[in-house]
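Here the structure is laid out as structure tokens; the discussion comes afterwards.
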Amino acid sequence: MVNIEKYFGLVRALTNINLEVGRNEIVGLIGDNGAGKSTMVKILTGVFPPTSGELYVAGRKVDFRRYNVQSAHAHGIETVYQDKSLGEKQVLWRNFFIGREIVNRFGFIDVKKEKAIANEIMVNTIGFRSKGITVDSNVSQLSGGERQGIAIGRAMYFEADLIILDEPTVALSLKEVAKVINFVHKIKEGGKASIYISHSIPDVYEVSDRFIVLDRGEIGASIPKKDISLKDLDGFLLDFAHGLKDKEYS
Amino acid sequence: MNSVRSLVKFVGRLEGFPIAMVLLGLYIALIIAAPAVFTHPLIYISFLETVPPTLIAALGLTLVITAGEIDLSFPAVVSLSGFALSWGWKTFDPAFGAWIGIGLALAAGALVGYINGVMVARIGVPSIMATLAANFFWYGISILLAGGLQVTLKGSQDNFVHQLLVGRLFGAVPVQAFWALALAALLWFILNRHKFGEGIMFIGDNANVARVMGVNVEATRVRLFALQGMIAAFAGIIVTLDIGVFYPDQGNFLLPAMASVFIGGTSIAGGAGSVFGTVFGAYVIGSLAAGVVATTISGYWVQVVEGVVMAAVIVLNAATGKGNMAALSSRFRHWRAPVASNPRQELLQKDDTAPS
Ligand SMILES: Nc1ncnc2c1ncn2[C@@H]1O[C@H](COP(=O)(O)OP(=O)(O)O)[C@@H](O)[C@H]1O
Ligand SMILES: [Mg+2]
């Protein structure tokens, strides 16, 4: 991302954003509510274009007039949101393929194939063990952790090069959080990249190679993990919140 | 016991099953209450003639409501398209003037729907307001164009288009009933098996989820309203041909159409729609008034009885969950197994209270 800026009407959500994510890098994105984290994610994933600035995916410049969620998917960018990844009243198999259905040339869905693949993802990729939950179950029947499992399994199946997790652990039990963390480790081992957004600093510290602090729409700091301990990061963020920016790191 | 359970489950999955049972119950009640009328096929044939226009409009409305929107403008489209048909009919030689009229009618419907869609999806006007205004406007245009008068379709009985769309099969059964059923089948496939329909369900469920998952929310909404406009125009074509006369008020069935959708089990909340529920719902609504009149109950009671039946069906839908009986079959399971020993049940209860 180069010089990305985003306005919502007169509200400036992002300014002067310059960020690069390496091919096999896990970037931890930290910042207060309303700092602009989700806005950044949505520009990256083609939900909406920025007001100005440039985006390069795998070295190629993106034309925002033609960049959308589908083309982000085609470029290998997948997203897991805290709560807005799944259609509540819809069956699971539809949730795996919404926005990229397997269709014939008239646009009709190959239900059998979609269900078979969805089942495959649930059994093998996610390791679903809940009895009575099948691809025909409704999302509303699932627990929070199970829902996040579906969203993550979907991202894994589509073999993303960059998986963005936007507060994926909100409202999850400790055990379920551990699963998500484990998944991010797997991204790293698989040679892929990730942007991990969370308010839990220990979680972010554990999985990330580098931390980006977003403050009121601007990047406040970018710190490699090797340069800072968890305790120092915590202290740094506390200072940051009090406006005592540490020049050494910024 | 197992086979009973799976039978309950299977039947419960059939779309529109509860409301089909209501329709059956209604006819049985009417056969008992007014045997002279309801043991004769004539009354059913008359339903097959009078219900299709309402049903057709209600079918389009089912998709619109599934998307979490509403269309109050279809009565004006029924009127406008009827005028367009009658204009083509009297301006050109009826042999092909009818086709020109149908083409114009569908185009007018698509145009009105498209404008509704743009207002809702691109400009952001809530559909209840946009389509309410559109209903006044286009109804006004229809009256203006027609000079407030009705137009008779001369020689309509002998016209091929008349035979094709509103003629009688075997000299008895109104063909429009089959067209309405065919449209229902087509819309069922579009909603449940086409990616356009899947987009409609996800948008009605949660437009933000649909958007971040790559559904083109705005384009889907515009297309949906344009489709609804054409469906309403088709309803207008059927009404006008069937009675052989265009008159500006011919689309006056907004409330029956809405009632058909809701008693059919489609929820106002959006996200899921029951196309065949609407089919049975329209026949329940369409049969009620005539049915109550045919019994010896005083005419003053007709609307009261209609209201009671509608309320009862909607309560039934709410009780059985999203308009089908799938929930009943799972309740059936819980009756047999002690609730506490069912881990899923516990999970569900825990999640109800968890913030998410
Ligand atoms: N669709 C939108 N329309 C208007 N303002 C928005 C929209 N999305 C986000 N914002 C505003 O942009 C700012 C950043 O929001 P967001 O990116 O969601 O923050 P974060 O994810 O870091 O909590 C906030 O002030 C928010 O109110
Ligand atoms: Mg956010």
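In what follows, chains are A, B, ... by sequence order, proteins preceding strands, each numbered from 1.
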Checklist line | Part of A:Y81 within contact of chain B (heavy atom distance under 4.5 Å) | finding: side chain

Check: A:L172 versus chain B, heavy atoms under 4.5 Å apart: side chain, backbone, both or neither?
Finding: neither

Next item on the list: List the atom of A:W93, the atom of B:E198, and the distance in Å for their closest heavy-atom pair.
Entry: CZ3-OE1, 4.3 Å

Next item on the list: With a 4.5 Å cut-off on heavy-atom pairs, point out which of B:N192, B:N216, B:N208 contacts chain A the most.
Entry: B:N192

Item checked: Residue B:F196 versus chain A: region with a heavy atom under 4.5 Å -> neither

Note to self: Test your reading of the model: is there a side-chain donor-acceptor pair from B:K195 to the backbone of A:R100, 3.5 Å cut-off?
What the structure shows: no

Checklist line | More than 12 heavy atoms from other groups under 6.0 Å of CD on A:E54 | finding: yes

Notebook entry, point to check: Is it the case that more than 12 heavy atoms not belonging to B:I128 sit under 6.0 Å from its CD1 atom?
Noted result: no

Margin query: So which atom in A:F108 and which in B:F189 form the shortest heavy-atom distance, rounded to 0.1 Å?
Written below: CE2-O, 3.8 Å

Check: Side-chain contact, heavy-atom cut-off 4.5 Å: A:R94 with B:M201?
Finding: yes

Notebook entry, point to check: Given a strict heavy-atom distance threshold of 4.5 Å, which part of A:V111 is in contact with chain B: side chain, backbone, both, or neither?
Noted result: side chain

Next item on the list: Measure the CZ-CD distance between B:F202 and A:E88 for me, rounded to the nearest 0.5 Å.
Entry: 11.0 Å

Notebook entry, point to check: Tell me, side chain or backbone of B:A210 under 4.5 Å from chain A's heavy atoms, or both, or neither?
Noted result: neither

Checklist line | Contact winner vs chain B - A:T79, A:V47, A:I98, heavy-atom pairs under 4.5 Å | finding: A:I98

Note to self: Around atom CE of B:M21, are there more than 12 heavy atoms from other residues, nucleotides or ligands closer than 6.0 Å?
What the structure shows: yes

Checklist line | CG-CZ distance between A:N104 and B:R193, expressed to the nearest 0.5 angstrom | finding: 12.5 Å

Check: Do A:V69 and B:V212 come close enough that some side-chain heavy atom pair is under 4.5 Å?
Finding: no

Next item on the list: Check each atom of A:N95 against the heavy atoms of chain B and say whether the ones under 4.5 Å are side chain, backbone, both or neither.
Entry: both

Check: If we ignore angles and hydrogens, is there a donor and acceptor under 3.5 Å between the side chains of A:Q90 and B:D205?
Finding: yes

Check: Taking C-beta and beyond as the side chain, do A:Q70 and B:M213 meet within less than 4.5 Å on heavy atoms?
Finding: no

Checklist line | More than 12 heavy atoms of other groups within 6.0 Å of B:W188 CH2 | finding: yes

Next item on the list: Answer yes or no: does atom CG of A:L174 have more than 12 heavy-atom neighbours from other residues, nucleotides or ligands under 6.0 Å?
Entry: no

